[in-house]
Asker: 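Sending over a structure as structure tokens; questions will come in a sec.
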Number of protein chains: 2
Amino acid sequence: MTMNAAGGRRRPPTIHDVAREAGVSRGTVSRVLNGGHYVSPAAQEAVNAAIRKTGYVVNRHARSLITGRSDSIGFLLTEPQERFFEDPNFNVLLRGCTQALAAHDIPLLLMLAGTEDERRRITRYITAGHVDGVLLVSSHSGDPVAEQLRGAGVPLVACGKPIGLGSKVSYVAADDRDGARDMVRHLLSLGRRRVGMVTGPLDTPGGVERLAGYKEVLAEAGLELDERLVVSGDYTRASGEAGAERLLAQAPDMDAVFVASDLMAQGVLAALQREGRRVPEDVAVGGFDDSPAALASRPELTTIRQPWDRISAEMVRVLLAQIGGEDPAAVILPTELVKREST
Amino acid sequence: MTMNAAGGRRRPPTIHDVAREAGVSRGTVSRVLNGGHYVSPAAQEAVNAAIRKTGYVVNRHARSLITGRSDSIGFLLTEPQERFFEDPNFNVLLRGCTQALAAHDIPLLLMLAGTEDERRRITRYITAGHVDGVLLVSSHSGDPVAEQLRGAGVPLVACGKPIGLGSKVSYVAADDRDGARDMVRHLLSLGRRRVGMVTGPLDTPGGVERLAGYKEVLAEAGLELDERLVVSGDYTRASGEAGAERLLAQAPDMDAVFVASDLMAQGVLAALQREGRRVPEDVAVGGFDDSPAALASRPELTTIRQPWDRISAEMVRVLLAQIGGEDPAAVILPTELVKREST
DNA sequence: TTCTCTACTGTGAACGCTCACAGAAGCATG
DNA sequence: CATGCTTCTGTGAGCGTTCACAGTAGAGAA
């Protein structure tokens with residue numbers, strides 16, 4: 001522990017100082033730092049002691065200069081900003097990725113691309129090699145940033161299956177269709193027969209898949225698809241509220257509703273309560289995500305849990321593998337029905 | 001525009017390539033890159049053309065190696081993770097800081113310190129000089145990370161006035177006391193006389209100041225402070241809900257309540273509605289923050305706007321100034337009363 | 001002319017690390 | 001004994017910049 005006087009930062013120790021302290025050469029210290037292969041136990045020990053004594057920390061810039069790697073990765077969000085502000089799922093994902101990367105001692109650079117200008121700046125930054133890879137959150141199809149990055153050969157893993165990109169892009173996603181099936185089956189098992197749905201945006205795979213699951217289960221139960229029972233939203237709370245109003249107007253006899261995200265489900269609950277419907281007595285409500293919003297709702301939301309911790313961990317794992325030279329991979333993770341008060 | 005075959009990344013152009021292309025020396029290119037002083041217009045032009053032609057982007061690692069700066073800054077959050085997940089204010093702040101830094105071409109490294117282990121790792125990372133400065137979000141007093149960083153001479157600017165750190169730490173904050181005064185005056189102006197308060201945590205300056213403003217205005221209106229009308233929360237939604245229940249039990253005649261954060265106010269609204277109180281007819285509710293949560297509430301919350309965009313911009317400005325050698329500074333920004341449906 | 005001053009330009013030497021290579025030592029094999 | 005192999009170690013080169021310094025050219029003053 002070295003104390004600094006008056007807040008001044010002193011020149012930090014270099015690998016050279018450690019080598020001198022340990023009585024070995026720079027090369028040996030470097031080998032210890034990078035895994036310790038081909039180093040005698042004695043040297044190993046001496047170097048580690050010297051590192052502790054000097055408080056040495058590797059200079060990442062010097063390392064990067066020669067290795068060509070930056071040992072940092074970018075977390076790129078190309079979603080519209082209002083969703084970033086309102087949807088706690090991003091925070092859960094962001095934290096998960098940060099932690100998973102921290103275990104590899106890799107810092108996460110946050111990149112928010114809202115405007116066209118920001119997109120350009122960020123694309124330029126990434127393709128310049130300032131990060132080794134990118135964790136991408138962009139549910140909408142045909143994201144130009146993603147295509148550019150992919151074209152430039154930047155390792156990339158998306159959260160959720162990207163539409164319109166070649167098959168050569170990695171992604172990690174929950175099993176949306178299966179989750180939707182579980183939820184709708186659950187609603188039917190409660191005896192509900194007029195089950196509505198507020199879908200997500202239908203230019204996203206999640207939106208499409210969850211709707212597909214809903215339709216499948218209705219068909220398998222021998223129920224006819226009533227178009228008045230289906231409206232679409234955009235994952236915002238407000239769109240859930242508007243969607244519920246539309247549903248109630250089109251199909252006043254609705255006795256359950258499957259909402260494609262918890263945030264929209266919050267809006268649905270608010271609209272139902274305003275219209276005097278009791279939840280779950282009059283209308284059962286099922287959400288999707290198991291985001292913190294589900295627990296914050298009154299009544300607490302029955303929902304489909306996306307395994308966020310596993311999703312972020314897998315995203316990082318797949319990305320690092322790809323940086324290491326492996327081929328792109330797709331990972332689909334199972335979901336789980338979480339029963340709470342709203343059904 | 002260079003096209004890459006088969007996704008392979010080719011060796012990027014260096015300053016040397018640019019120099020050769022422009023017919024000048026490395027030094028001249030470097031000067032153009034760093035402000036263009038002492039460079040003839042002709043050379044300037046030639047270099048810029050060469051940069052465009054080659055698609056050159058500076059190698060930040062090489063630059064950092066010699067300048068000793070990393071040209072990146074850290075955004076450090078030492079709040080408990082549940083608040084990060086649930087409070088949209090963080091996202092607003094995070095986005096604001098990211099954008100303000102982007103204007104200076106400085107990437108933001110996200111650092112989340114939840115566990116003791118993470119704290120140590122992050123402290124080590126920062127003090128090793130891997131970032132030039134830190135934007136700190138840590139409302140609680142006596143944060144050991146902050147003290148360590150300050151002791152190590154790391155440029156630091158906090159969001160909100162830190163308690164217990166020496167006066168030599170920069171911070172940017174909204175005028176909490178004045179905002180609280182405005183809100184309570186507003187509630188009194190509506191004719192309410194039994195005005196309760198749900199405070200923030202009282203080991204934070206924001207929590208203390210907002211309570212102080214409340215007390216001041218009661219005193220100036222000649223109202224006696226009734227301790228049954230004051231309960232404290234921790235900024236979470238759940239604590240707002242619990243607080244409101246306690247208030248209603250202790251002081252059933254309460255006709256208004258000032259809640260120290262919008263998120264807690266959401267909880268208060270839920271509790272009031274459950275207890276059958278109409279808002280604002282029976283009880284007027286005022287929040288604090290003007291976070292996205294205020295607009296998402298039903299009814300929409302009257303609240304005190306914290307100028308988040310200015311706060312983040314000032315944090316970045318003060319931090320960069322400090323990195324540039326200036327003394328620590330404190331910035332207090334004015335708040336604004338935003339009237340909506342809940343009062 | 002000669003000197004000085006200003007505006008500009010080029011060059012070598014770092015920055016701290018990794019990597020390739022050469023070499024040394026120890027030990028078994030031919 | 002020479003030869004090979006394995007394990008370990010030191011050394012020089014170089015990654016792509018910036019910085020200090022030296023040097024050049026042109027303008028103006030003595």
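Just so you know, these numbers come straight off a predicted model, no measurement behind them. The sequence lines fix the lettering, A, B, ..., with proteins before strands; numbering per chain opens at 1.
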Asker: Okay, side chain of B:S170, backbone of B:A329: is any donor-acceptor separation there less than 3.5 Å?
Answerer: yes
Asker: Hey, could you give me each pair passing salt bridge (Lys or Arg N to Asp or Glu O under 4.0 Å) that has a residue in residues 90-99 of chain B? Not counting sequence neighbours.
Answerer: A:E118-B:R95
Asker: Would you tell me whether A:T127 and A:Q148 have side-chain atoms, one donor and one acceptor, within less than 3.5 Å of each other?
Answerer: no
Asker: Can you name the atoms? Protein N/O to nucleotides 18-22 of chain D N/O, anything below 3.5 Å, with the distance.
Answerer:
from: D:dT18; atom 1: OP1; to: B:N34; atom 2: ND2; distance (Å): 3.2
from: D:dT18; atom 1: OP1; to: B:R63; atom 2: NE; distance (Å): 2.9
from: D:dT18; atom 1: OP1; to: B:R63; atom 2: NH2; distance (Å): 3.0
from: D:dT18; atom 1: OP2; to: B:S30; atom 2: OG; distance (Å): 2.7
from: D:dT18; atom 1: O4; to: B:R26; atom 2: NH2; distance (Å): 2.7

Asker: Between which nucleotides of DNA chain C, 5' to 3', does chain B make heavy-atom contacts below 4.0 Å?
Answerer: C:dC8 to C:dG16
Asker: Measure CZ/A:R60 against C1'/D:dT17 and give the value in whole Å, please.
Answerer: 20 Å
Asker: Going by ring-ring contact (aromatic ring centres under 6.0 Å, His included), name the residues that satisfy it together with A:Y125, two or more places apart in sequence or in a different chain.
Answerer: A:H130
Asker: Where the side chain of A:T28 meets the backbone of A:V24, is there a donor-acceptor pair that is under 3.5 Å apart?
Answerer: no
Asker: So, is A:S40 close to the D:dT9 phosphate, meaning a side-chain N or O under 4.0 Å from OP1 or OP2?
Answerer: yes
Asker: What residues, two or more places apart in sequence or in another chain, satisfy side-chain contact (heavy atoms from CB on, under 4.5 Å) together with A:A313?
Answerer: none
Asker: Please enumerate all residues that pass side-chain contact (heavy atoms from CB on, under 4.5 Å) together with A:D17, with sequence neighbours excluded.
Answerer: A:P13, A:T14, A:R20
Asker: May I have the distance from A:R20 (atom CZ) to D:dG10 (atom P), rounded to whole angstrom?
Answerer: 14 Å
Asker: Could you tell me the separation between the CG atom of A:L65 and the P atom of D:dT17, rounded to a whole number of Å?
Answerer: 9 Å
Asker: Give a yes/no answer on whether the side chain of A:S25 brings an N or O atom under 4.0 Å of OP1 or OP2 in D:dG10.
Answerer: yes
Asker: Please give, in whole Å, the distance from D:dT6 P to A:Y38 OH?
Answerer: 8 Å
Asker: Grab the two heavy atoms, one from B:R119 and one from B:V145, that are nearest each other, plus how far apart they are.
Answerer: NE-CG2, 3.8 Å
